[in-house]
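Following this message is one structure expressed as structure tokens.
A note on names: the letters A, B, ... follow the listed sequences, proteins ahead of strands, and every chain is numbered from 1.
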Amino acid sequence: MNYEDVMKLALERGFYFPSCEVYADAQAGFWEYGPSGVSLKNKFLELWRRELIRRDGMMEIDGSQIMSKSVFEASGHLGNFADPIIKCTKCKSTFRADRTISEISKIEIPESADLEEFDNAILQNNIKCPKCKGDFENTRKFNMMFKVGIGPEEEPAYLRPETCQSIFVDFPRLFKTMRGKLPMGIAQVGKSFRNEISPRQSLLRLREFYQAEIEVFCNPAKLDNVEKFSEIADTVLRIQNDSELVSMTCKEAVESGVIPNKFVAYYLGILIEFYEKTGIDVTKSRFRKLGDKEKAFYAQVAFDFEVETTIGWLELVACNYRSDYDLSSHANKSKEKFEVVDDEQKVLPHVFEISMGIDRSLYTILEYSLKDDKEHERIVLSLRPYLSPVHVGILSLVKKDGLKEKTDEIYLQIKRKYDAFLDHSGAIGRRYRRLDEIGAPFAITVDHQTLQDQTVTIRKRDSMEQNRIKISEINSILSEFTAYP
RNA sequence: GCGGAGUUAGUCUAGCUCGGUAAGAUGUCAGCUUCCCAAGCUGAAGGCCGCGGGUUCAAAUCCCGCACUCCGCACCA
């Protein structure tokens, strides 16, 4: 199913919808998760914790969203997380200064250059607005961070543009107090904020968005000394290097040099094993190795994990080898010591990060799971049972003859343990269809026979087949089939 | 931010040319009936027609701004 089908489902069934929508001054790029969306998101994150955090023995923190100016001076975001832009005085169109100059005059100025360099180049080469030939205003920087004023004096601080900065800043304390030992993974789930020029496509480009970030701190001398590598040595990765897409095992990727070392390969391996369990078809995915121009300013080696969707390739995860960029910057700025002892030697750890876009991942899971079952005239959200917002619908075939009461009784027995939805009203087929649309993998129906022999029917979402089971078996069956893998 | 297309009940759409205080389908809720896959009947709720201003006795309809959504450009998780 395509973007519009997913969007419609999201709006109608409470997955997500625009923020502040009743007001005309609502800004673009802000969306809210409804009940189904929150339930899906929570389950997705639980899977992430199981498959990455616990699997690798990482620790998880929860940092502030507002961070001090110094953090972003050190991280480089104040200087680099900004585009030089120029605005036409006549038609008010805005352009990227570096791109416009290179297109018209073939002069390459790095985007981090002084603003005067852009102005000079524009003057000397007589560069005019490509649309209306008007003159440009002076070049200015558009920083994508949201600035906030703290307290009555409005002391400047910023909403974090990525969650990981608190991980870097907290690293010395965590290493000391949590008995740290390299390699050490620290993870965080939370909101990040970027003042995008043009937010677009609901969850896919937001100004306020969720990230699940993992920063693994390691000894740069030991990047090929990875005990756990054997766990993923035979896991297949699809890697796009330049224009060529190749499928190879992690072991082959390291041996051929496509991936620089076992350390990076291990994390790409467990990442793809995680995504396999979300229901996304990983044969439609790739790790795209980024060229120098595409990489973020802090990255030494970068792979984007992308999945093919109906609106094109979508970047879900950025995997960056950040070297000691962050720790040395924070060490210099703060004068704190960020070195740690590994094998009786002082080292400044290097960092490999797995920066996951949660909202985009959830969208992609929905798109891959949503099916149009034309034969039975229904829309089915075939989510993996452990990700479904509702695990089971509890239905009475009819309300009368005590069936309603019996149904309520069963619902009460299981509602704390499972996400169960109780429904008595309307035709039974209609209720099954509704459950199909929110992805409930099971429906339990109480009928007249239930009152005689304490059995119910259990219906499976994907096959629509029904079996009769004992009430006493409901718990063990649901427990088995809604369990995480 | 630019260019193009849109915005009328939860959803989809009619009405706009030719101003006269909103229509249908579907969905939702309640009841009856049937009793295992969107059946039927009855009833109800739900819309300051994206927002603001103007023209007019009167605006969903005409005019002007703005916002948002979608498609391209550029940027990114």
Side-chain angles (χ1 to χ4, degrees), chain A residues 3-4 7-9 11-14 17-31 81-83 85-88 91-96 98-100 103 111 129-132 142 144 161-164 191-213 294 296 304-306 311 314-320 353-361 363-364 373 376-379 395-401 403 425-437 443 445-449 456-459 461 464-466 468:
Chain A
Y3 175 83
E4 283 184 13
M7 192 67 221
K8 192 177 170 189
L9 178 85
L11 292 169
E12 284 183 10
R13 297 290 176 209
F17 45 85
S19 182
C20 314
E21 60 179 337
V22 300
Y23 287 106
D25 64 350
Q27 294 290 311
F30 300 93
W31 288 68
F81 198 62
D83 295 333
I85 55 169
I86 43 177
K87 192 170 181 180
C88 172
C91 71
K92 304 293 176 198
S93 299
T94 305
F95 303 89
R96 284 272 304 246
D98 53 331
R99 280 163 206 267
T100 309
E103 275 166 28
E111 60 170 70
C129 173
K131 282 189 183 146
C132 73
F142 174 69
M144 302 234 291
E162 51 179 9
T163 56
C164 58
K191 284 261 175 91
S192 290
F193 304 83
R194 296 182 189 177
N195 201 356
E196 294 287 341
I197 300 168
S198 172
R200 207 38 97 68
Q201 288 170 318
S202 59
L203 298 190
L204 306 186
R205 193 181 308 127
L206 296 160
R207 288 187 166 129
E208 177 179 336
F209 60 102
Y210 280 104
Q211 289 186 307
E213 291 197 299
E294 286 180 293
D304 276 355
F305 178 68
E306 301 179 327
I311 51 169
L314 189 61
E315 181 186 341
L316 302 187
V317 187
C319 304
N320 295 304
E353 82 170 350
I354 304 170
S355 173
M356 180 180 295
I358 296 175
D359 315 276
R360 289 179 173 190
S361 296
Y363 168 80
T364 308
D373 180 359
H376 300 103
E377 290 181 57
R378 60 177 189 150
I379 302 289
L395 317 175
S396 50
L397 189 58
V398 292
K399 269 183 258 188
K400 59 186 181 183
D401 302 332
L403 296 191
S425 69
I428 191 74
R430 177 181 303 253
R431 284 178 275 164
Y432 286 147
R433 299 302 151 99
R434 256 196 306 245
L435 288 167
D436 289 340
E437 282 192 23
T445 305
V446 170
D447 56 19
H448 288 97
Q449 194 182 326
V456 292
T457 62
I458 183 164
R459 170 193 183 265
R461 173 194 65 202
M464 296 172 73
E465 74 181 13
Q466 283 180 292
R468 190 157 274 278

Nearest-0.5 Å distance, OH of residue A:Tyr432 to OG1 of residue A:Thr445: 2.5 Å
Inter-residue atom distance A:Met144.CE - A:Arg207.CZ, 0.5 Å rounding: 10.0 Å
Spacing between A:Glu21 atom CD and B:U69 atom C1', to the nearest angstrom: 12 Å
Separation of atom NE2 in A:His448 from atom C1' in B:U34, rounded to whole Å: 12 Å
Base B:C36 paired with A:Tyr432 side chain (donor-acceptor, <3.5 Å): yes
Presence of donor-acceptor pair under 3.5 Å, side chain of A:Arg459 and base of B:C37: yes
Separation between the C1' atoms of B:C49 and B:A59, rounded to whole Å: 11 Å
Separation between the P atoms of B:C62 and B:C16, rounded to whole Å: 10 Å
4.5 Å side-chain heavy-atom contact, A:Asp447 and A:Arg468: yes
B:C36 versus B:A23 - spacing of their C1' atoms, nearest Å: 37 Å
Check against salt bridge (charged side-chain N to carboxylate O under 4.0 Å, His left out), A:Asp373 and A:Arg461: CA-CA 11 Å; A:Asp373 180 359; A:Arg461 173 194 65 202; over 6 Å; no
Side-chain donor/acceptor of A:Glu353 to base of B:A77, under 3.5 Å: no
Nucleic acid footprint by protein, nucleotides 5-12 of chain B - heavy-atom cut-off 4.0 Å, B for base, S for sugar-phosphate alone: ------S-
Flag side-chain contact, heavy atom, 4.5 Å: A:Ser355 against A:Thr163: no
Euclidean distance, atom CZ of residue A:Arg205 to atom P of B:C71 [Å, nearest integer]: 11 Å
Rounded distance in Å between the C1' positions of B:U21 and B:U61: 13 Å
Listed nucleotide nearest any side-chain atom of A:Ala28, set B:A77, B:C68, B:C71: B:C68
Sugar-phosphate only, base, or nothing, as touched by A:Ser192 at under 4.0 Å among non-hydrogen atoms: nothing
Sugar-phosphate only, base, or nothing, as touched by A:Gln27 at under 4.0 Å among non-hydrogen atoms: sugar-phosphate
Rounded interatomic separation in angstrom, taking CD from A:Gln466 and P from B:C36: 10 Å
Minimum heavy-atom distance between A:Tyr3 and A:Ser202, given as atom pair plus value: OH-OG, 2.9 Å
For atom CZ of A:Arg194 and atom C1' of B:A77, their distance in whole Å: 6 Å
B:A77 versus B:A38 - spacing of their C1' atoms, nearest Å: 39 Å
Sugar-phosphate, base or nothing in reach of A:Asp447, heavy atoms under 4.0 Å: base
Proximity to the side chain of A:Tyr3 - top-ranked nucleotide from B:A67, B:C70, B:A77: B:C70
Span that lies between the P atom of B:U7 and that of B:U17, in whole angstrom: 15 Å
P gap between B:A25 and B:A39, integer Å: 16 Å
Interatomic distance, A:Asp401 CG vs B:U34 P [rounded to whole Å]: 11 Å
Per-nucleotide protein contact string for nucleotides 25-33 of chain B (B base, S sugar-phosphate only, - none; heavy atom under 4.0 Å): --SSSSS--
Watson-Crick or G-U wobble partner of B:U34, both distances under 3.5 Å: none
Side-chain donor/acceptor of A:Glu196 to base of B:C76, under 3.5 Å: no
Sugar-phosphate only, base, or nothing, as touched by A:Glu377 at under 4.0 Å among non-hydrogen atoms: base
Sugar-phosphate only, base, or nothing, as touched by A:Leu395 at under 4.0 Å among non-hydrogen atoms: nothing
Heavy-atom check, side chain of A:Arg360 versus side chain of A:Leu203, under 4.5 Å: no
For atom CD of A:Gln201 and atom P of B:G72, their distance in whole Å: 7 Å
Sugar-phosphate, base or nothing in reach of A:Glu437, heavy atoms under 4.0 Å: base
Atom-to-atom span, CZ of A:Phe30 to C1' of B:U69 - whole angstrom: 16 Å
